Undergrad: 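Take this structure first; my questions come after.
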Amino acid sequence: MRDVAVVGFAQSQSKRREVNLNDTEIVIPVIHELKKGKNLKNEDMDFVCSGSSDYLAGAPFAFVMGLDAVGAWPPVCESHVEMDGAWALYEAWAKIQMGYAEVALVYGFGKPSMGDLPLTMALQLDPYTQTPLWPDAISMAALQARICLEAGVLTDRDMAECASRDRRNAKDNPYAQVKGDFSIEQILADPYLVNPLRKHDCSPISDGASAVLLVAGDRAKDYCDRPAWIKGIEHICEPLDLNVRDLTRSRSTEIAAEKAGVGNAKVDVAELASPFSHQEVLLERALGLGADTNVNPSGGAMAGNPMMAVGLSRIGEAARRIWDGSAGRAVAHATSGPCLQQNLVCVLEGN
Amino acid sequence: MSDEAKDDVVKVIRTPVQLDYNYSAGRSASRFLRSIKEGKLIGQRCPVDGRVYFPSRGSCPQHGVPIEGEPVELVDRGTLVTFSIVRIPAESVPLEIPFVTIQVLLDGADTILMHLLGNCDLEKVHMGMRLKARWKPKEEWEESVANIIYFEPLDEPDADYDSYKEHI
Amino acid sequence: MAELTAVVGIGQTHHKAKRIDVSQAGLIREAAERALEDAQCTWKDIDAVVIGKAPDMFEGIMMPELFLNDAIGGAYKPMIRVHTAGSVGGSTGVVAASLVQAGIHERVLCVAYEKQSESNATWALTISMPFAVATVVGAGGYFAPLVRGYIARSDCPEDVGIKVAVKDRLNALKNPYAHLHMEDITEDMVRESPMLWDPIRYLETCPSSDGACAMVMTTEKLAEACKNPAWIHATEMRSEPTMFSGRDQVMPQASLDNAAALYKKAGISNPRKEIDCAEIYVPFAWFEPMWMEGMLISERNKGWEMTLSGATALDGDFPVNMSGGVLSSNPIGASGLLRFAEAALQVRGMAGDHQIDGAKRALGHAYGGGSQYFSTWIVGSQKP
């Protein structure tokens, strides 16, 4: 495999509702900042790949306007996944592996505030047997949390610990949306939102975008003093039906982590795109993270969850810890589908 | 399974989907929409090549740079670049079929606008014809391009093919 | 640096206006099973799955690949969902190929599909957005002005579209999978069909179909053990924005750049001579001559001469759309992959009654959006 590094990252402020900008206008400054910061011209980019969702935008072909934000002229080699930008990064990484590209720009964006996100997510389910019941995304997650609690694999205190930590960490992240000091007792005293989930167990609904720059081999050093090298990147998809999955663990994350070599050495930093606190507990276990790993220094998805960009942002946030030397080895995670159906794991190292 | 049992499948179920979205026009489109409510047509210049984009928009798609700076006011007349005569009805179009959809290049603009042609015999529609906007009555003006009902022929000689050919 | 990769399995459904006999999962499984059978492998042998389709609103499901994945053996495997507008079928093939070419996987299954009968595509394409006037009714409404632009520029006779419409429907009679089998098609019939989006007549447009296409791609080593692999000589993709000042919508630069880059990679200097046949994305008949030029196969403004001279017919010197093309079957999301698949079938000598004798090198092509997304490949019976 070729050496490929994450050398640049830009993101927008996560906001509950970005009223002034449409979704293209959210992406424009992010890509602009990244290109300007890295002195990147269009002719330098061999490949561009993006991730977004038409249903978030409420219109078909919503991703097409992203080309305007890139300024795709002269025409660019470009592709799009109807997935989180983290998978767009995976596609770009594959293109670099096959020698098609040396420098690739990846971005993701979403403006879920336009619609009713939890309800829209019901359209992700089996259209013949599940969607007609309109189970919203929070209720689906609550079912999983209930199973985990009843099975005794975690407690509501474990969940509150994650929420408390993420929100505390987010205080240092200017791009985060939900931040502050919330003690575990405070959180546990809150009423349920959708039993057994409290408001603090849920990630916020966020509008936002992010972009990442990938560069192969020695050229990475032209863009970054200490590139974050991708040592492993894997993703696995489980079946959608909840009744054929073990919801008390994240099997797909375990497989992806094993293949990506997460456990081969100490993990200094982990950035998780977990939309719910109980899922964060499951993810930490699936990744085999211990007390010596700094989990979600940015606050993770629990502090800002711009769908379709949030996973890509985790890779960017993890890379940032490599660039500034605060981590030697970092793991980033992205997810898609109800109850952690599909998961991507990316291992980054400074050397 | 017998063939008979095979045929006994549920063939159609109906799941009505209604999702409501609240769109934001965004900054530059807002400026455009506020202006058109006053009957003004506002475009903006790309800071790289100075070309005028109409309607005004957030960025230049060609150069990927934000379009900021002073707006450019345009007149409500232009040239028909290309067209189609449509014989399929559409709820969103306020004209009876057959109706004519057009791409019009407003004088002073460097991008085409998609709109409708009215008040014109179908046999007479052709590329290069000069057009002017037919507005709704002023009291009905909203923040919408639909303030212009359609474009209609202007009693002027056709525009030279070379003047609009790069916009086809 | 790229690993040599080949197509060793191809499957497609019988395309129809409504496949209400199967669910979406059943539809893609039908194509995938045929591809596996052709590749002589089982679900277990597949390392990863790539799924492509056009906008989610066409079926009314958000990211339908999530519920479909396990129906094609994708459970606990990597899965990617591609969406690049109308070119998506082609892009799905390109992405699947890249996973093998990159040395990541040994065997990848890609599936592209559309089941338009489960929703309403023209509605999905005509959603009335605020702040804009909806003047475009369906894809035909968008492309008709561009066709008019082409006719004006090339100064060609007005019956070119009619000839293409008849030729592709006659080709479809040789393809058992095609949606339209119009035994009695004639030029007069096309000429007299309603002018829907002037200058586009009803019979010059593609149908709306339910259907799927699947392919298995594998490494050089594994392909050598398979019957008639189609070796991938080159893949290419290009995109440009929908609208900018001075954009040539009729002959987009992205198309020309894509073609030039593709041929360079495939070592082709004279595409008209060195390519034996081509499956081109022609949803409206006029796009055959337009893309002959856009793919640098014909001189500028002369593409129509290829149609009129019979060069693009099955017995011509550059056969185009041997399968009947998009004009005869259009499951949108799958349409691009079907073009790629037909190119591969031709060089494998497995195209049945629409086989071009001795086809050694073939072009597969897809485009989408406002003529702004392009994906293409060249496959050959011999290794590059």
Side-chain angles (χ1 to χ4, degrees), chain A residues 15 17-29 31-36 40-42 45 48 54-59 62 64-76 105 111-123 125-134 207, chain B residues 8-34 36 42-69 71 90-92 110-114 143-145 166-167:
Chain A
K15 285 188 185 171
R17 201 180 294 280
E18 177 56 90
V19 285
N20 288 324
L21 307 176
N22 61 33
D23 40 3
T24 318
E25 288 174 330
I26 295 174
V27 188
I28 291 168
I31 292 180
H32 203 63
E33 181 192 326
L34 181 60
K35 282 167 75 174
K36 205 172 169 190
L40 190 73
K41 307 268 183 304
N42 273 11
M45 304 184 296
V48 177
D54 279 354
Y55 261 105
L56 292 190
V64 174
M65 296 305 282
L67 287 174
D68 289 15
V70 173
W73 188 263
V76 291
L105 173 74
K111 200 185 170 196
S113 72
M114 287 192 280
D116 181 337
L117 182 63
L119 197 63
T120 304
M121 301 288 278
L123 285 171
L125 308 175
D126 185 309
Y128 309 115
T129 59
Q130 296 169 341
T131 301
L133 304 170
W134 293 98
D207 293 345
Chain B
D8 189 26
V9 295
V10 176
K11 293 204 169 115
V12 174
I13 58 165
R14 287 191 184 279
T15 307
V17 175
Q18 180 175 344
L19 295 171
D20 296 323
Y21 291 85
N22 291 306
Y23 290 98
S24 303
R27 274 191 194 127
S28 37
S30 296
R31 174 143 67 173
F32 167 77
L33 292 166
R34 274 195 293 270
I36 202 164
I42 295 295
Q44 269 176 304
R45 275 184 205 285
C46 165
V48 177
D49 62 12
R51 288 186 166 225
V52 176
Y53 278 79
F54 174 82
S56 60
R57 49 186 297 134
S59 72
C60 168
Q62 197 171 4
H63 303 103
V65 293
I67 295 189
E68 285 152 355
E91 272 179 35
S92 53
D110 291 301
T111 56
I112 46 147
L113 172 71
M114 290 196 194
E143 283 139 344
S144 168
V145 196
E166 76 155 329
H167 298 282

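Being a predicted model, the structure only gives us computed values, none of them experimental. Residue numbering restarts at 1 for every chain, and letters A, B, ... go by the order of the sequence lines.
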Undergrad: Is A:L117 close to chain B through its backbone or its side chain, or both, or neither, when contacts mean heavy atoms under 4.5 Å?
TA: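 Neither part.
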Undergrad: Would you indicate whether the side-chain heavy atoms of A:Y128 and B:V10 approach each other to under 4.5 Å?
TA: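 The answer is no, as the side chains (C-beta and beyond) never meet within the 4.5 Å cut-off.
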Undergrad: For A:T24, is it the side chain, the backbone, both or neither that has a heavy atom under 4.5 Å from a heavy atom of chain B?
TA: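 Neither part.
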Undergrad: Closest approach of A:E25 and B:G26, non-hydrogen atoms and distance?
TA: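 Minimum heavy-atom separation between A:E25 and B:G26: OE1-CA, 2.8 Å.
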Undergrad: Can you tell which of A:V70, A:N42, A:I28 has the highest number of heavy-atom pairs within less than 4.5 Å of chain B?
TA: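 Option with the greatest count: A:I28.
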Undergrad: Chain A heavy atoms under 4.5 Å from B:D20: which part of the residue, side chain, backbone, both or neither?
TA: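 Just the backbone, heavy atoms under 4.5 Å.
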Undergrad: Have a look at B:S24 and tell me which of A:K111, A:M114, A:E18 forms a side-chain contact (heavy atoms from CB on, under 4.5 Å) with it.
TA: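 Only one of A:K111, A:M114, A:E18 forms a side-chain contact (heavy atoms from CB on, under 4.5 Å) with B:S24, namely A:K111.
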Undergrad: Counting only non-hydrogen atoms closer than 4.5 Å, does A:I31 touch chain B with its backbone (N, CA, C, O), its side chain (CB onward), both, or neither?
TA: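 For A:I31, there is no contact with chain B at all, as no heavy atom is under 4.5 Å.
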Undergrad: Where on A:L67 is there a heavy atom nearer than 4.5 Å to chain B: the side chain, the backbone, both, or neither?
TA: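 For A:L67, the backbone is the part near chain B, not the side chain.
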Undergrad: Working to the nearest 0.5 angstrom, can you tell me the gap between B:Q18 CD and A:D116 CG?
TA: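 Here the interatomic distance stands at 11.5 Å.
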Undergrad: Checking A:D68 now: which residues fulfil salt bridge (charged side-chain N to carboxylate O under 4.0 Å, His left out) with it, not counting sequence neighbours?
TA: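 Scan of A:D68 (salt bridge (charged side-chain N to carboxylate O under 4.0 Å, His left out), adjacent residues dropped) gives B:R57.
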Undergrad: Can you tell me if B:Y21 uses its side chain to pair, donor with acceptor, with the backbone of A:Y55 under 3.5 Å?
TA: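 Yes; judged by distance alone, with no hydrogens or angles, the pair exists.
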Undergrad: Side chain, backbone, both or neither: which part of A:P127 has a non-hydrogen atom closer than 4.5 Å to chain B?
TA: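 Looking at A:P127, just its backbone touches chain B.
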